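Everything below concerns the one structure shown next.
Because the structure is predicted, anything quoted here is derived from the model rather than measured.
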Amino acid sequence: MQATHDADGGKRDTGFEGNIARFTGFSAHYDEVRPSPPPALATLLCRMATVERPRLVVDLGSGTGLSTRYWAGKADAVIGVEPSDSMRVQAVQVSLPGVSYRKGFSHDTGLPEGIADLVTCAQSLHWMDPEGTFREAARLLRPGGVFAAFDYDWPPATGVWQVDQAYERCMKIARDLERRHGVTEQLRQWEKEGHLGRMRDSGQFAYVREVLVHHVDDGTGDRLSGLATSQGHVQTLQKLGVGDDEIGLTELREACRTMLGNNVRPWYWSCRVRLGVTPRD
């Protein structure tokens, strides 16, 4: 994996340029429609790390800051690490006490070792070099600290199965189109199903397991169709000029409009949390 330096001294990893480009240009929309971490997650991670309030949380692949500012008021400090300038610019628009951001990669944050009680990856580990990320997370954590990589099951359960089915159909069409256009060849990506096994095999953690955490969110038909257009593969196709009809977005929007409308209703999210605890001294 080749790494170079920008003129301003910041690291630029050429191996991940395709991943960064994928999430460039729609950060405001992403921040508006994406979910925040489940309320119960902080309680779970703090108990695993045996702290009532973390001194420091490091959030890798922090994006627009949804998963970083979640820790405001729950931890003394939280640092979001994000390689995408576009995402970080969006993140810093919300100023909260104890919340800061820096440019960096999950495998090379530039932060001192042993400083964090918790290191998190929210909906981002599949875009990261696994071995390097686990090594860096373990380096950042104090003994007995916790690394948590969590992903949502998509889409949320809206309670209207026809809409959920339309969303799933749209995503399948978009994935197929992405492969047909050769987009996936420009990306570095790892299957989410393999996260837990790779964590175990890394040798960085004394204990590894997966936990399911559920929470309720609120949304409308517009927000659900907005979630679809916040997905990187959909955005990539739109940038290539593929039409909404071909992607399946037109059909999804119609289903959202007729079956959900603008009524706010509860959505049910399932969050898969892969946990790794570093060895104690």
Side-chain angles (χ1 to χ4, degrees), residues 23 26-45 59 61-74 87 90-91 93-94 96 120-124 126 148-177 192 210-238 243-274:
F23 291 97
F26 60 103
S27 56
H29 174 64
Y30 183 105
D31 194 68
E32 180 182 9
V33 299
R34 288 286 183 121
S36 295
L41 181 70
T43 302
L44 170 65
L45 298 188
D59 185 31
S62 54
T64 64
L66 281 167
S67 54
T68 312
R69 59 181 181 260
Y70 167 82
W71 290 100
K74 300 182 181 72
M87 289 285 189
Q90 180 67 34
Q93 292 186 26
V94 180
L96 292 170
T120 60
C121 288
Q123 200 69 31
S124 57
H126 55 296
F150 55 97
D151 298 285
Y152 301 104
D153 286 351
W154 294 79
T158 66
V160 181
W161 67 265
Q162 296 94 332
V163 174
D164 298 355
Q165 184 182 63
Y167 191 104
E168 292 167 2
R169 185 164 51 244
C170 177
M171 293 302 102
K172 183 182 185 306
I173 292 169
R175 296 284 188 198
D176 291 343
L177 284 170
K192 295 179 182 180
E210 179 175 286
V211 176
L212 276 175
V213 179
H214 306 280
H215 74 292
V216 181
D217 194 4
D218 291 325
T220 63
D222 284 346
R223 185 184 169 200
L224 190 67
S225 60
L227 276 175
T229 54
S230 79
Q231 306 259 222
H233 51 295
V234 173
Q235 281 284 330
T236 299
L237 291 170
Q238 290 181 320
D244 288 358
D245 288 353
E246 186 177 358
I247 297 171
L249 283 170
T250 303
E251 179 186 346
L252 173 60
R253 289 190 181 111
E254 180 61 19
C256 289
R257 185 186 67 80
T258 57
M259 298 183 192
L260 296 181
N262 290 321
N263 297 319
V264 177
R265 63 169 62 227
W267 294 352
Y268 301 89
W269 289 97
S270 294
C271 183
R272 298 181 182 272
V273 189
R274 285 86 175 192

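- Among all heavy-atom pairs drawn from A42 and Y70, the shortest one is N-OH, 2.9 Å.
- Here the CZ atom belonging to R69 is positioned 11.5 Å from the NZ atom belonging to K74, to the nearest 0.5 angstrom.
- Of all heavy-atom pairs between D218 and P266, the closest is OD1-CA, 3.7 Å.
- Distance check, rounded to the nearest 0.5 Å: CD of E254 to OG of S225 gives 11.0 Å.
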Mind running side-chain hydrogen bond (donor to acceptor under 3.5 Å, both in side chains) on T250 and D245 for me, showing each step along the way? CA-CA 5 Å; T250 303; D245 288 353; 2.4 Å; yes
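- Within a 6.0 Å sphere centred on NZ of K192, other residues, nucleotides and ligands contribute more than 12 heavy atoms.
- Q93 is listed as a side-chain neighbour of Q90, based on a closest heavy-atom distance under 4.5 Å.
- Contact check for C256 versus D222: no side-chain heavy atoms found under the 4.5 Å cut-off.
- If you run side-chain hydrogen bond (donor to acceptor under 3.5 Å, both in side chains) between T229 and each of H29, R253, Q235, only H29 comes through.
- The aromatic rings of W154 and W269 sit perpendicular, their planes meeting at an angle over 60°, well past the 30° parallel limit.
- Taking OH of Y167 as the start and CG of L227 as the end, the distance is 5.0 Å to the nearest 0.5 Å.
- Within the 4.5 Å cutoff, side-chain heavy atoms of D151 are placed close to those of R274.
- Counting heavy atoms from C-beta on, the side chains of L66 and Q123 never come closer than 4.5 Å.
- The closest side-chain heavy-atom distance from F26 to V234 is not below 4.5 Å.
- For the pair Y152 and P38, the tightest heavy-atom approach, listed with the atom from each and the gap, is OH-CD, 4.0 Å.
- With rounding to the nearest 0.5 Å, the separation of CE in M171 from CD in Q231 is 5.5 Å.
- Nearest heavy-atom pair, A91 versus G63, reported as atom, atom and distance to 0.1 Å: CB-O, 3.8 Å.
- Looking at L224 and W267, their side chains come closer than 4.5 Å, going by heavy atoms from C-beta outward.
- The two residues G226 and V33 come nearest to each other via the heavy atoms O-CG2, 3.7 Å.
- Using a 3.5 Å distance cut-off with no hydrogens or angles, the side chains of T68 and D59 do pair a donor with an acceptor.
- Side-chain atoms of L212 and R272, non-hydrogen and from C-beta on, do get closer than 4.5 Å to each other.
- Distance check, rounded to the nearest 0.5 Å: CZ of R175 to CG of L237 gives 10.0 Å.
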Stepwise side-chain contact (heavy atoms from CB on, under 4.5 Å) test for L45 and T120: CA-CA 10 Å; L45 298 188; T120 60; 4.1 Å; yes
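- A distance-only check finds a donor-acceptor pair linking the side chain of T220 to the backbone of R223 [under 3.5 Å].
- For the atom pair CD of Q238 and CG of L249, the computed distance is 6.0 Å after rounding to the nearest 0.5 Å.
- Here the side chains of E168 and P155 are in contact, with some heavy-atom distance below 4.5 Å.
- Across S67 and P37, no two heavy atoms sit closer than the pair CA-CG, 4.0 Å.
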